[in-house]
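One structure below.
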Amino acid sequence: KEMFEDIRGVINTNLKLTGTFSNPKLIGAIDVQEAIITTPFGGDNRQNQGNKSKASTKSYVDYDLSIASGRNIRLVNSDADIEMKIDLKIRSSKGQTYLIGKLETFPGTSTYYFFDHEFEIVEGKFDFMNTMEFNPVMDLKARTVVATTKTDDKDPNQIKEIPTDATIN
């Protein structure tokens with residue numbers, strides 16, 4: 001599975017192809033207008049495994065890309081539905097891809113699913129620290145309702161939610 005096959009979007013680019021025919025390199029910036037990312041957390045590193053002697057003879061396009069966005073990015077997978085902005089560098093050399101940077105969430109528009117509970121993300125950041133897979137270090141502050149209680153015995157429709165805050169990192 002390729003690293004970027006679960007990403008769809010509309011982008012503006014400023015890219016330059018350098019290097020030689022046998023060792024090309026793509027460098028530049030990508031401004032994401034809108035996108036949806038469906039990559040699961042934990043990644044799948046199979047594309048980076050295999051016979052190293054074959055890898056040395058394979059031709060790759062190396063790249064060094066800066067990716068930035070405003071607010072129109074959604075990460076949707078089995079763990080989350082999150083609106084975010086991106087400030088990320090993606091680098092590839094000889095078939096190895098590395099992610100460096102962060103994704104930041106917006107309060108009130110993002111949900112994280114954890115231990116069969118739905119948490120509203122109050123604030124959050126996903127840090128990629130030179131990793132080869134989509135497995136960020138998460139720092140989330142989220143809220144969920146764990147119980148409700150009646151506030152007035154005379155009015156059965158009067159219900160009070162009991163919120164619970166959580167920090168996930």
Side-chain angles (χ1 to χ4, degrees), residues 1-13 28-49 63-92 95-169:
K1 183 176 179 178
E2 293 298 322
M3 180 177 281
F4 305 112
E5 73 182 61
D6 297 330
I7 302 172
R8 302 286 181 266
V10 177
I11 61 173
N12 291 324
T13 63
I30 298 172
D31 179 29
V32 181
Q33 301 301 301
E34 62 183 66
I36 186 162
I37 305 166
T38 57
T39 305
F41 294 136
D44 185 350
N45 206 16
R46 287 179 291 188
Q47 75 268 18
N48 295 318
Q49 297 174 353
Y63 46 89
D64 187 352
L65 304 171
S66 296
I67 301 174
S69 76
R71 187 176 180 131
N72 294 327
I73 310 299
R74 292 232 45 114
L75 168 65
V76 181
N77 62 30
S78 62
D79 296 315
D81 181 356
I82 300 173
E83 182 181 16
M84 67 182 74
K85 68 178 181 178
I86 295 175
D87 183 12
L88 195 64
K89 293 197 182 305
I90 300 178
R91 295 189 173 123
S92 175
Q96 301 292 311
T97 301
Y98 300 92
L99 302 170
I100 305 163
K102 65 183 174 182
L103 312 176
E104 291 184 69
T105 67
F106 293 96
T109 62
S110 302
T111 305
Y112 186 72
Y113 308 103
F114 192 68
F115 289 120
D116 297 326
H117 286 24
E118 187 174 300
F119 287 81
E120 175 191 341
I121 297 174
V122 177
E123 69 180 71
K125 187 168 59 168
F126 296 77
D127 283 317
F128 295 89
M129 300 176 186
N130 209 24
T131 180
M132 291 173 46
E133 58 186 27
F134 193 79
N135 192 16
V137 174
M138 297 186 294
D139 184 10
L140 302 176
K141 290 182 183 161
R143 173 171 287 158
T144 192
V145 174
V146 293
T148 58
T149 185
K150 287 189 207 177
T151 58
D152 186 351
D153 287 334
K154 295 177 187 174
D155 184 0
N157 295 324
Q158 187 97 21
I159 295 176
K160 179 182 177 186
E161 293 183 344
I162 302 171
T164 299
D165 293 340
T167 301
I168 302 168
N169 45 10

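Keep in mind that the numbers below use all heavy atoms, side chains included, and drop hydrogens, waters and symmetry copies.
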Nearest heavy-atom neighbours spanning [X] and [Y]:
X      : Y      : answer
Met84  : Phe106 : C-CE1, 3.5 Å
Ala142 : Phe119 : CB-CB, 3.5 Å
Val122 : Pro107 : O-CB, 3.0 Å
Gly124 : Ile121 : N-CG2, 4.1 Å
Tyr63  : Ile90  : CE1-CG2, 3.5 Å

[atom1]-[atom2] distance between [X] and [Y], expressed to the nearest 0.5 angstrom:
X      : Y      : atom1 : atom2 : value
Asn130 : Ile100 : CG    : CD1   : 4.0 Å
Ile7   : Leu75  : CD1   : CG    : 9.5 Å
Lys85  : Arg71  : NZ    : CZ    : 10.0 Å
Arg143 : His117 : CZ    : NE2   : 15.0 Å
Thr111 : Asp79  : OG1   : CG    : 12.5 Å
Ile11  : Ser69  : CD1   : OG    : 12.0 Å

For this session: Using a strict 4.0 Å threshold on nitrogen-to-oxygen distance, state whether Arg74 and Asp81 make a salt bridge.
Result: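 Result for this pair is yes, salt bridge flagged.
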Exercise. Can a salt bridge be assigned to the pair Lys102 and Asp87 using a cut-off of 4.0 Å between side-chain N and carboxylate O?
Worked result: no
Problem set entry | Verdict with reasoning, Gln33 to Asn12, per side-chain contact (heavy atoms from CB on, under 4.5 Å) | CA-CA 7 Å; Gln33 301 301 301; Asn12 291 324; 3.2 Å; yes
Problem set entry | Phe126 and its side chain to side chain contact (heavy atoms under 4.5 Å, CB included) partner, picked from Val137, Ile86, Thr105, Asp139 | Thr105
For this session: Look at the side chain of Thr144 and the backbone N and O of Glu118, then say whether any donor-acceptor pair between them is shorter than 3.5 Å.
Result: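 Between the backbone of Glu118 and the side chain of Thr144 there is a qualifying donor-acceptor contact (under 3.5 Å).
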For this session: Please confirm whether the backbone N or O of Glu83 pairs with a side-chain atom of Ser110, one donor and one acceptor, at under 3.5 Å?
Result: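 Judged by distance alone, yes, a pair lies under 3.5 Å.
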For this session: For Asn77 and Thr38, run side-chain contact (heavy atoms from CB on, under 4.5 Å): C-alpha distance rounded to whole Å, both residues' side-chain angles, the deciding distance at 0.1 Å, then the answer.
Result: CA-CA 5 Å; Asn77 62 30; Thr38 57; 5.8 Å; no
Problem set entry | Beyond-backbone contact of Tyr98 with Lys89, side-chain heavy atoms, under 4.5 angstrom |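 When only atoms from C-beta onward are counted, Lys89 and Tyr98 do not touch, as no gap falls below 4.5 Å.
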